[in-house]
Every structure is written in structure tokens, then in C-alpha cells.
Q: 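Shown below is the structure under consideration.
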Amino acid sequence: MAAFFDVSFLTVQVLSALRQAAFLFLISSGLTLVFGVLNILNFAHGSLYMLGAYFIYALTLHLTGPAGFVIALLAAPLGVALVAVVIEMGLLRRIYIQEEIYQLLLTYALVLIIHDMAKIVFGPEFKSIPKPRAIGGAVTIFGGTVPVYTLVVVVLAPLVALLLWYLLYRTRTGKIVRATSSDREMADALGINMSALFTLVFAFGAMLAGFGGALAGPARTVFPSVGTEVIIECFVVVVIGGLGNLWGALVGSLLIGTLETVGIIVFPEFEMSFIYLLMVVVLILRPWGLFGRPLKVKALAEKNLGMEAQEISPVHFSVRPLVRMIPLVLLLIVPLFAGRYYQYLLTQILIASLMAVAFNLLLGTTGLLSFGQAAFYGAGAYTVGLLATKTGIGSLSSLLLAPLVAMVVAGIIGFFCIRLSGVHFAMLTLAFGQLVFAIIYKWYNFTGGDNGIQGIPVRPLPGGIDIGSNLSMYYFALAAVAVAVEILRRIRSSPFGATLKAIRENNQRAEYLGVNVKLYQWTAFVIAGAFTGLAGGLYALMEKSISPDIILWTKSAEPVLMTIIGGIYSFAGPAVGAVVFIVLNSYLVAWTENWALVLGLILLAMVLMLPGGAVGFVNEKARGAFGKMGWVRRWAFSKSGAS
Amino acid sequence: MALLTLDSVNTYYGRSHILFDVSLAVEKGEVVALLGRNGAGKSTTFRSIIGLTPPMSGEVRFKGEKVNGLRAFRICRRGIGFVPEDRRCFPDLTVRENLEVAVRREKNTVDPWTVERVYALFPRLQEREKNLGSQLSGGEQQMLTIARTLMTNPEMLLLDEPSEGLAPLVVALLADMILQIRKEGVTVLLAEQNLNFCAKVSDRGYVIDKGSVKYEGTMKNLLADDEVKEKYLAV
């Protein structure tokens with residue numbers, strides 16, 4: 001600690017914190033601006049940052065010397081803005097009318113696509129960008145050695161902040177931007193062209209990200225996944241500061257920049273945890289962030305418009321119970337004739353289906369977008385992993401404990417999360433998920449840290465039934481998943497499930513009817529968490545080794561993707577999505593190293609063309625076809641009791 | 001030719017049918033009242049005209065040209081100004097900024113509204129020029145939204161329940177201002193529940209109930225028609 005009182009040391013650290021804050025501010029100011037006006041939390045904003053870094057890399061290959069560097073530094077963000085214009089006008093604009101989640105998903109698809117495009121064009125390796133000699137050296141300040149480039153960054157970022165202030169508060173367009181972010185419809189009725197404004201703001205936000213990337217490129221290195229790393233940090237910044245608030249982004253950047261620098265010196269073990277902990281604490285104390293204010297409830301008409309745009313078919317092509325048994329029978333027979341690899345693949349599908357169906361109890365049934373399901377998945381997996389390696393407990397007992405532990409974790413996390421709604425809820429679950437990840441990732445003594453747990457023993461079930469082989473493990477998983485899914489199905493169609501749907505449709509009205517909305521949401525959260533934990537436990541037994549990767553936020557994105565692919569308004573949708581996702585994933589990985597690109601394009605097509613999901617699409621088609629033949633329809637639906 | 005005509009307009013929110021064959025006409029220079037209870041369809045009529053909730057069928061014509069189907073900002077630029085019922089000033093902008101945002105420069109209006117001109121009409125706004133929208137009283141907010149809409153140089157104003165929730169003294173003041181605005185050559189369509197307020201400012205009135213027009217006539221006749229008043233307007 002004595003080192004802290006050393007002036008030279010302090011100087012170096014303060015400047016390093018400021019530099020970090022400067023980068024964060026450049027990127028998150030664009031993110032928050034876009035959110036304020038377009039109401040879209042842009043996952044691809046980090047990818048635009050990455051493009052900025054690659055663009056300056058490509059430009060400096062041809063432009064050398066100080067003048068060339070300056071030109072590249074200014075041209076790269078313009079290039080990014082151009083890409084953003086294409087994205088906004090070509091893709092985003094088509095789905096403004098859809099619900100928030102489809103917009104999130106579209107930007108997530110862009111993350112995958114841009115990542116692989118960068119990999120294809122620039123290669124997967126790390127690239128470094130040379131700095132001109134004039135700013136490449138170091139100077140001594142108060143006895144501490146500081147790179148000149150750090151000083152450049154620390155001076156430029158406040159200038160950009162000043163410029164932003166000027167644009168937003170002193171120009172007419174800036175005033176229009178501020179007006180629109182508080183009341184879009186009113187601005188429209190005052191004769192302001194929203195389409196043009198959206199394109200402008202999206203491009204401008206992207207330009208800020210691109211400038212951040214171009215400026216950070218020479219200080220850091222560039223590689224394709226730099227975008228996904230930076231975006232989560234920026235989410236933390238804007239959520240802490242208050243979504244849509246520029247000053248929030250500034251203060252949030254300074255806080256996170258400082259915390260990261262201090263964290264690395266004082267508690268290198270738990271530096272990451274600190275950031276997420278700060279976010280969790282802020283969101284609990286001030287759910288709308290330090291400078292934010294509660295999100296407006298959308299005007300009635302606007303909401304209805306959204307509903308209509310993705311009209312859900314009221315008649316579901318519901319099959320008779322006997323027909324429903326067919327998949328189960330197939331699931332029982334097929335593996336007998338499949339090779340070991342396919343048995344393993346099918347087990348994977350079962351586990352993923354369980355995770356997705358459990359998740360959809362939150363999204364499709366209750367209307368809660370959780371982005372932290374990986375925490376419960378991990379809780380289940382680590383329960384099994386730790387119990388199996390540290391105690392002599394049987395596999396079945398450890399598997400039964402997995403959902404219980406996940407339930408407790410979900411109970412605690414849910415207690416805080418259900419106080420928020422919409423995008424804030426999603427962000428808080430994300431923060432908690434990342435917090436759990438950060439703890440497990442660094443807690444070497446207990447969890448094995450980033451090494452994970454290898455060689456998880458699979459012990460015979462009571463009665464001496466061995467589940468060590470791929471085939472027996474498959475049947476074991478099938479039994480567990482079948483029971484779990486049936487319970488979830490009954491929950492969904494019970495009065496409890498009906499109440500959850502009522503909450504999804506209109507939680508205010510549910511509240512007026514005397515429903516304790518928060519309690520119901522919490523219960524649904526805990527149930528979903530428990531079954532996700534069960535899926536995690538099964539995963540640990542199947543893989544026989546686990547690593548903290550299964551708790552990373554990208555894992556939380558998986559059930560979201562599966563559910564959207566399959567369709568959120570049908571019970572079987574998420575399971576179908578899981579099949580598609582796992583099969584695609586394993587085949588794409590085998591077929592091309594750019595699987596993310598293909599997955600991204602498929603997602604993009606889904607969002608733009610089939611917003612009801614695959615199962616919703618089939619339902620719709622079935623309804624259309626049967627609608628033309630009245631007697632078939634009467635026959636098909638009268639017996640199943642659906643109307 | 002009427003300045004604004006609605007011809008058998010049908011409007012839906014999602015699947016619910018709200019307006020049923022609404023037809024009305026407003027002549028240039030008139031102040032026309034659209035009377036009805038809460039939920040009768042007054043706001044929906046306005047939203048249909050300005051394009052925020054476009055009608056499913058029927059026609060909205062302004063200066064003889066069909067405007068339904070155009071986006072809201074285009075309809076505004078044709079010369080219809082909309083003042084919504086819940087006022088909706090931009091809370092984070094100062095009074096002056098609220099006005100500046102609405103200025104339309106490209107328009108070749110003979111005698112365009114300027115910040116100074118609306119300040120002359122609403123002196124109170126000048127006093128509060130540097131205050132944020134969120135710091136104003138209800139009456140001041142109402143003045144600001146009207147003033148802001150005037151900045152778009154409308155030929156016609158749609159005023160949605162301007163007297164709602166205001167003190168009687170402020171309502172009286174508002175009535176004067178509407179007459180003043182009319183003198184400046186702006187046609188006004190006024191949605192109200194307050195019959196006495198309408199009696200002071202308007203020439204003609206329509207009564208709307210459950211999404212369709214039930215009565216139309218001069219304010220004088222309407223005031224004398226106890227049956228209509230009893231049936232559609234009494235609380």
C-alpha cells in the first residue's frame with residue numbers, strides 16, 4: 001500500500017485510469033445516444049468499435065507519417081458511419097415496429113456477422129497499429145513514465161465530450177435529438193422527419209464508436225472478438241450512468257475506468273467482480289442508473305401497433321395427445337440405431353431443449369427477458385462437478401441437488417431483478433450472471449478457476465444402473481428432461497401459468513385484479529432457474545468436465561436465440577429452436593470455420609421474415625391452409641379442444 | 001371547399017374498432033368543437049387526422065388533397081398542427097428550446113410565427129424562457145404546447161382537451177388566447193368535454209359518442225338541445 005503514496009506511481013495510475021475512461025466514454029456515449037433516440041440497445045456497437053480499429057489498421061498500411069495517421073484517424077470513423085447507414089436503412093428500419101427483443105436480436109446477429117467478416121477480411125490474428133514517431137514515445141511526469149499516446153487520448157476524449165455538448169445543446173439538430181429522446185411521437189407530430197433523424201443519430205453513434213476504435217487501436221491490439229469484449233463493459237457503463245443519458249456515460253466511464261485500474265492493483269483476483277458488483281449495487285439502489293429516469297411506458301397506440309405487427313395466431317395447431325407421443329417414441333427408439341456421436345449430439349439437444357423451455361417460462365409466458373440464465377446453468381453444473389469430485393455422493397443425488405442450488409441462486413438474484421422491468425431487467429440479470437462468472441472464474445481454491453473441473457466421475461445410479469456410456473447417459477438425460485418438461489408444461493397450462501400470461505399481456509391490469517405481480521414473477525424466475533440448474537447438472541454429467549465458459553454471457557444468449565428461432569408463443573417452440581441451434585452449430589463448426597457468420601445470417605433472416613419463430617410460422621400456415629378448408633379445420637381442432 | 005374534411009373514417013387500435021364512419025368538415029377560419037365524453041373517440045379522431053394512428057379506411061382531405069397515408073411529419077408540414085391532450089412539452093428542454101425545435105425554416109410562409117411573436121401572445125412564456133419544460137405549471141405547459149405548435153406555422157390547429165385539469169381562471173385566459181389565435185388566421189378544431197368552454201370560442205360543434213358522430217350543428221342549437229346534451233354529454 002505504501003506504493004500509493006508515491007507520486008510517480010500515482011501519476012502513472014491516474015493517467016492510465018483516465019485513458020481507460022476516455023476509451024469507454026467514446027464508445028458508450030454513442031451507445032447511449034442511439035438508445036436515447038432509437039430506443040435500441042445496440043449489441044453491435046462494440047463491433048462498430050472493432051471496425052474502427054480495423055479501418056485505421058488498413059488505412060495506416062498505406063498512409064504513413066504523422067499526416068497520414070491523422071487522416072486515418074479521421075477517415076476510419078467516417079467509414080464506420082457509412083457501414084452504420086447501410087445497417088440502419090437496410091435492416092434496422094424494417095423492424096422498428098416489432099417488439100424490443102427482435103431489435104436486440106437483429107443487432108446480436110450483426111455481432112456474429114461483423115465478427116466473422118472481420119476474421120475473413122483481416123484474419124484471426126492480433127494486429128498492432130504503428131504510431132507515428134512523434135506520439136510513439138514516452139515522457140516523464142512527476143517521475144513516472146507515461147506514453148505520449150496516453151496523453152493524446154486523455155486530451156482528445158474531453159474535447160470530444162465538449163463537442164458533443166456543443167452539438168446537443170447549442171445546435172438545432174441537437175435540440176431536436178434531445179426532444180426526440182424524450183417524446184418521439186410528439187417530435188413526429190411537430191414535423192420532424194423521424195426516419196432521417198434515426199439514420200443520422202445511428203450513424204453518428206457509430207462514428208463515435210469508430211473513433212473510439214481508431215483511437216484505441218494503436219494503444220491496444222485488434223482482433224475479431226475485441227468487439228464482444230468491449231460491448232459488455234460499455235453496457236455496464238451506460239446502465240450505471242443511466243441509459244440514454246450522456247452525462248451518465250461520462251460519469252460511468254470515469255467510475256469504471258478508475259475501478260478497473262484500482263482493482264488491478266489492489267485486488268487483482270476480483271477486479272472483474274468489482275465492476276459487476278458496482279453495477280448490481282447501482283441498479284438495486286437506483287434502478288434507472290445514476291442520471292437516468294424511469295423509461296416511459298409506451299403510448300397505448302404504439303404498443304398496439306407493435307402487437308399487431310407480430311400478430312399471434314389465436315388458433316394453435318394443437319395435436320392430439322396420442323400424436324404428441326410420437327416424438328417421445330422416436331426419441332426412445334432412434335438412438336438405438338445411431339452411432340455414439342449422434343447419441344452424444346441428441347443428449348446435447350435434450351439438455352439445450354430443457355434450458356430453452358425453462359427460459360421461455362420467463363420470456364414467452366411471463367414476458368421477462370432474462371439475460372443471465374447461464375448463472376443458474378453454471379450453478380447446476382458446478383454443484384454436480386464439485387459434489388462429484390469432492391465427495392463420494394452418487395450421480396443421481398448430485399443431480400437432484402443441482403436444481404436446488406440453482407433455485408437458491410435464482411431466489412436471491414430474482415429478488416433484486418424483478419424490481420426492474422424491460423431492458424433494465426435484462427441488464428441486471430446480465431450483470432448478476434457476469435458476477436457469478438467472475439467469482440467462479442477467479443476462485444481457484446474452490447472452483448478451479450479458469451481451469452474448470454476435469455474428470456467428473458459418473459457413478460452408477462441406485463440399483464447399479466450404469467450411466468457411463470453415451471447411450472445410457474442419453475436415456476438417463478431423456479428421462480430427466482421428459483419429466484422436467486412435462487412439469488413445465490403443466491405449470492404453463494395451470495391457473496398459475498394463466499396468471500403469468502396475464503402479467504405478460506398487461507401487468508398493470510393484473511395488479512388491479514389483485515395479483516401480486518412481483519411475487520408471481522419471482523416464482524416464475526425461481527422455477528425457471530431451478531430447471532436451468534437441472535440442465536446444467538446434466539451437462540456436467542454428460543461432458544464430465546466443465547469450465548467457467550458455460551457461465552459467460554454468450555451462454556445466456558443461447559436460450560434466447562433458441563427460443564426466438566423456435567417461437568416464443570408456443571410451448572414446443574424453444575425445443576424446436578434448440579434442435580435447430582445445436583444441429584446447425586455442430587454442422588457449421590464442422591463445415592466452416594465461419595459458423596458465426598452463417599448463424600448470424602440465419603438469425604437475421606429469421607428476425608426479418610419470421611418474427612413468430614419457426615413454430616409460429618407453421619401454426620400460421622396450418623391455420624391459413626385449414627382456414628380454406630373449413631371441414632378439415634373443424635375436424636382438426638374440435639377434437640383437440642383448442643378453439 | 002372545406003379546409004379539412006373527414007369522409008367515413010374508420011380507425012382501429014390493433015383489432016379494436018374505435019372510429020366508425022366518422023365524417024366532418026371544417027371551413028377556413030372557423031373554430032369547430034368536437035364534443036364527447038371520455039373515450040368517445042375524440043383523441044383517436046385527432047390521431048387519425050395527424051397520422052399517428054392512420055385510419056384503416058375512409059379519407060382525410062386537407063386543402064382538397066388526400067393526406068391519410070402520409071406520415072405524421074409530412075401531414076404536419078402540410079399545415080396541420082396537433083396539440084395533444086396530455087400537453088407533452090419536452091421536459092428536458094427549456095421553454096425557448098421547446099419552441100426552437102418546432103421552427104420550420106424551409107416553408108415560404110408570408111408572415112411566419114417567430115419566438116417573439118408567440119411571446120407576444122403568451123407573455124408568461126417569455127418570463128419562464130429559461131425554465132425546463134418539466135418545471136412549468138399545468139397552464140404554462142398548455143400554453144407552451146400551443147405556442148410550440150404555432151411555430152410550425154399551421155393553417156389549422158387540432159387542440160385536444162386544452163381546458164382539462166386547469167383552474168377556471170386559466171381556462172378563461174385560454175379561451176381568450178384561442179380567439180386571439182383565430183384572429184391571426186388559424187382555423188381551430190377543438191376536442192372538449194367542457195361545453196361552456198366551447199360555447200365561448202366555437203361557432204359549430206360535432207358530438208361524438210362511441211366512435212361515431214351523433215350530432216352536428218351550430219353551438220347555439222346544440223346548447224338549446226337538451227336531449228343531445230343529456231344523452232351524450234352529461235356526466
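Quick note: numbers below take in every heavy atom, side chains included, and nothing from hydrogens, waters or symmetry partners. Sequence lines set the chain letters: A, B, ... in the order given, protein chains first and strands last, and positions in each chain run from 1.
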Q: If you measure from NZ on A:Lys175 to CZ on B:Phe90, what distance do you get to the nearest 0.5 Å?
A: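 A:Lys175 NZ to B:Phe90 CZ: 13.5 Å, rounded to 0.5 Å.
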Q: Please determine, among B:Cys89, B:Ala72, B:Gly81, B:Pro84, the option with the most heavy-atom pairs under 4.5 Å with chain A.
A: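 Of B:Cys89, B:Ala72, B:Gly81, B:Pro84, B:Ala72 has the most heavy-atom pairs under 4.5 Å with chain A.
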Q: Determine the minimum heavy-atom distance between B:Glu100 and A:Arg172, stating which atoms define it.
A: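 Of all heavy-atom pairs spanning B:Glu100 and A:Arg172, the closest is O-NH1, 2.9 Å.
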Q: Of the backbone (N, CA, C, O) and the side chain (C-beta and beyond), which part of B:Arg148 lies under 4.5 Å from a heavy atom of chain A, both, or neither?
A: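 Both the backbone and the side chain of B:Arg148 come within 4.5 Å of chain A.
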Q: If contact means a heavy atom pair closer than 4.5 Å, which residues of residues 117-129 of chain B contact chain A?
A: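 Answer by number: none.
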Q: Would you mind checking if A:Arg170 and B:Glu97 are paired as a salt bridge, meaning a charged N to carboxylate O distance below 4.0 Å?
A: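 A salt bridge is absent here (no side-chain N lies under 4.0 Å from a carboxylate O).
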Q: Mind checking the CD-OG1 spacing from A:Glu185 to B:Thr53? Nearest 0.5 Å is all I need.
A: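 Going from CD on A:Glu185 over to OG1 on B:Thr53, the span is 7.0 Å.
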Q: Identify the two heavy atoms, one from B:Arg104 and one from A:Ile192, that lie closest to each other, and give their separation to 0.1 Å.
A: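 It is NH1-N, 4.2 Å.
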Q: My understanding is that only one of B:Asn98, B:Val103, B:Thr152 makes a side-chain contact (heavy atoms from CB on, under 4.5 Å) with A:Leu190; could you say which?
A: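 For A:Leu190, the side-chain contact (heavy atoms from CB on, under 4.5 Å) test succeeds with only one of B:Asn98, B:Val103, B:Thr152, which is B:Thr152.
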Q: Restricting to non-hydrogen atoms, name the atom on A:Ser182 and the atom on B:Pro91 that form the minimum distance, rounded to 0.1 Å.
A: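 Of all heavy-atom pairs spanning A:Ser182 and B:Pro91, the closest is OG-CD, 3.6 Å.
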Q: Which answer fits A:Ser195, side chain, backbone, both or neither, if we ask what part of it has an atom under 4.5 Å from a heavy atom of chain B?
A: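 Backbone plus side chain of A:Ser195, per the 4.5 Å heavy-atom cut-off to chain B.
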Q: May I have the list of side-chain donor-acceptor pairs in residues 57-65 of chain B shorter than 3.5 Å, sequence neighbours left out?
A:
unit_1: B:Ser57; atom_1: OG; unit_2: B:Asn10; atom_2: ND2; d: 3.2
unit_1: B:Glu59; atom_1: OE1; unit_2: B:Arg61; atom_2: NH1; d: 2.5
unit_1: B:Lys63; atom_1: NZ; unit_2: B:Arg78; atom_2: O; d: 3.4
unit_1: B:Lys63; atom_1: NZ; unit_2: B:Glu155; atom_2: OE2; d: 2.6
unit_1: B:Glu65; atom_1: OE1; unit_2: B:Arg78; atom_2: NH1; d: 3.2

Q: What residues form a ring pair (Phe, Tyr, Trp, His ring centres under 6.0 Å) with A:Tyr166, not counting sequence neighbours?
A: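 If we apply the ring pair (Phe, Tyr, Trp, His ring centres under 6.0 Å) test to A:Tyr166, skipping adjacent residues, there are no hits.
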Q: I'd like to know if the side chain of B:Arg88 and the backbone of A:Asp183 have a donor-acceptor N/O pair within less than 3.5 Å.
A: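 Looks like no, no N/O pair under 3.5 Å.
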Q: Report the residues that fulfil ring pair (Phe, Tyr, Trp, His ring centres under 6.0 Å) with B:Phe73, sequence neighbours left out, ordered by chain and then residue number.
A: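 Expected list: none.
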Q: Do A:Arg178 and B:Asp92 meet the salt-bridge criterion of a basic N to acidic O distance under 4.0 Å?
A: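 No.
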